[in-house]
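A short write-up of the structure that comes next.
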Amino acid sequence: MSFLDDPEIDAHALRVVKAIADEGSITGAAAALGYSQPAISQQLKRLEQRLDLPLVERVGRSVRLTDAGRVLARHAPAVTTALDAAAGELAELKGLRSGRVRLVGFPSASPTIVPRLLADLDARHSGVALTYIEAEPPEAVEAVRNDRADIALTFSYPGDRDDPHGQSAHGLSVRTIGTDDLLAVLPGGHPAAAGGTVDVTALADERWIAGCPRCRGHLLELCARAGFTPRIAFETDNVVAVEGLVAQGIGVATLPRMAVASFPLLPGVITVPLPASEARTIHVVTAHGADRVPAVGATLDAIAGLVGPSPEPPGRQAGRN
């Protein structure tokens with residue numbers, strides 16, 4: 001009888017091996033899974049006896065997976081997702097509406113999408129327990145790949161050479177759910193704000209305020225397509241700081257509408273959309289088949305329903321774009 005025929009080789013055993021791979025120690029795996037260290041050690045020992053193969057080896061004071069352990073860890077996400085999906089579908093047949101969903105998302109989603117998502121789930125699927133952590137798209141995609149998250153809420157920019165939804169997302173499900181306008185953030189009375197949209201070439205002679213390394217990279221690509229190199233005077237990923245610098249006439253910036261919507265617009269600052277072709281695209285990333293897990297499917301449906309037209313920033317006065 002092969003080990004795959006053994007009914008005691010279950011999803012939990014695979015999760016134990018995967019947690020050891022992720023955490024680098026039995027103690028770390030125990031903490032991640034919410035078990036005591038002796039319990040994890042006993043589970044691992046029983047699994048090794050069943051397989052008649054060592055799964056870990058000691059290296060100084062730490063442990064690392066053997067070849068056999070790495071095989072199980074590599075297949076664990078696909079296997080556990082499939083088992084969770086099967087259990088979820090059976091739960092649906094029994095009328096159960098509960099489950100745990102691990103969501104990871106980009107920072108500007110935290111004050112805009114996530115609070116409304118939690119309220120929506122509480123109203124319509126109160127049995128779904130959602131946990132959330134922030135991460136930029138590359139790290140969020142990696143969290144899904146390594147079974148540390150069920151859903152990644154991510155974004156990509158047009159022409160993004162570091163798009164995390166390309167090769168790094170190979171083997172995962174990537175779905176587009178909406179767009180988020182890119183706004184020029186300008187001091188009040190700036191002549192480029194006269195129209196309904198602004199072409200970035202009109203800002204070629206300005207000093208610029210850049211954001212996080214990923215956003216800075218996109219700014220450089222955006223301006224390169226327009227035929228100039230921006231003079232970057234300041235860098236900060238603090239949205240309020242960006243607006244404060246713009247309000248004082250220090251420079252101009254671009255920000256996604258979701259980022260601007262996370263805080264009331266400061267006095268002396270106006271925003272004007274860039275052309276729709278420069279909007280960033282919002283995605284959800286999951287393992288293939290994860291949407292068959294009822295709690296995950298309900299969360300995906302709720303996110304898709306919330307990511308529609310870009311929300312207007314709070315505190316915006318009439319006549320401001």
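Applying the ring pair (Phe, Tyr, Trp, His ring centres under 6.0 Å) rule to pairs touching residues 152-187 yields F106-F155, F155-Y157, Y157-H218, H165-H283, sequence neighbours excluded. Within the structure, every pair that satisfies the side-chain hydrogen bond (donor to acceptor under 3.5 Å, both in side chains) test and touches residues 235-256, not counting sequence neighbours, is listed here: R216-E235.
Salt-bridge formation is detected for the pair R102/D150: a Lys NZ or Arg NE/NH1/NH2 atom is positioned less than 4.0 Å from an Asp or Glu carboxylate oxygen.
In this structure, the side chain of D199 engages the main chain of T201 through a donor-acceptor pair within 3.5 Å. Although no hydrogens or angles enter the test, the distance criterion places a donor-acceptor pair under 3.5 Å between the side chain of E48 and the main chain of L55.
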Report all side-chain donor-acceptor pairs from residues 18-30 shorter than 3.5 Å, counting only partners two or more places apart or in another chain.
{"unit_1": "K18", "atom_1": "NZ", "unit_2": "D22", "atom_2": "OD1", "d": "2.8"}
{"unit_1": "K18", "atom_1": "NZ", "unit_2": "D22", "atom_2": "OD2", "d": "3.1"}
{"unit_1": "K18", "atom_1": "NZ", "unit_2": "N146", "atom_2": "O", "d": "2.6"}
{"unit_1": "S25", "atom_1": "OG", "unit_2": "G28", "atom_2": "N", "d": "2.8"}

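R148 meets the salt bridge (charged side-chain N to carboxylate O under 4.0 Å, His left out) test with no other residue; sequence neighbours excluded. With sequence neighbours left out, R231 forms a salt bridge (charged side-chain N to carboxylate O under 4.0 Å, His left out) with no residue at all. Scored by the side-chain contact (heavy atoms from CB on, under 4.5 Å) test, P111 finds S262 as partners (sequence neighbours excluded).
When each of T286, V104, V285 is checked for a side chain to side chain contact (heavy atoms under 4.5 Å, CB included) with I151, only T286 meets the rule.
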- Query: Taking it one step at a time, do D180 and R280 satisfy salt bridge (charged side-chain N to carboxylate O under 4.0 Å, His left out)?
  - Reply: CA-CA 5 Å; D180 185 25; R280 66 178 180 175; 2.9 Å; yes
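Of all the heavy atoms in V307 and G178, the pair that sits closest is CG1-CA, 4.1 Å.
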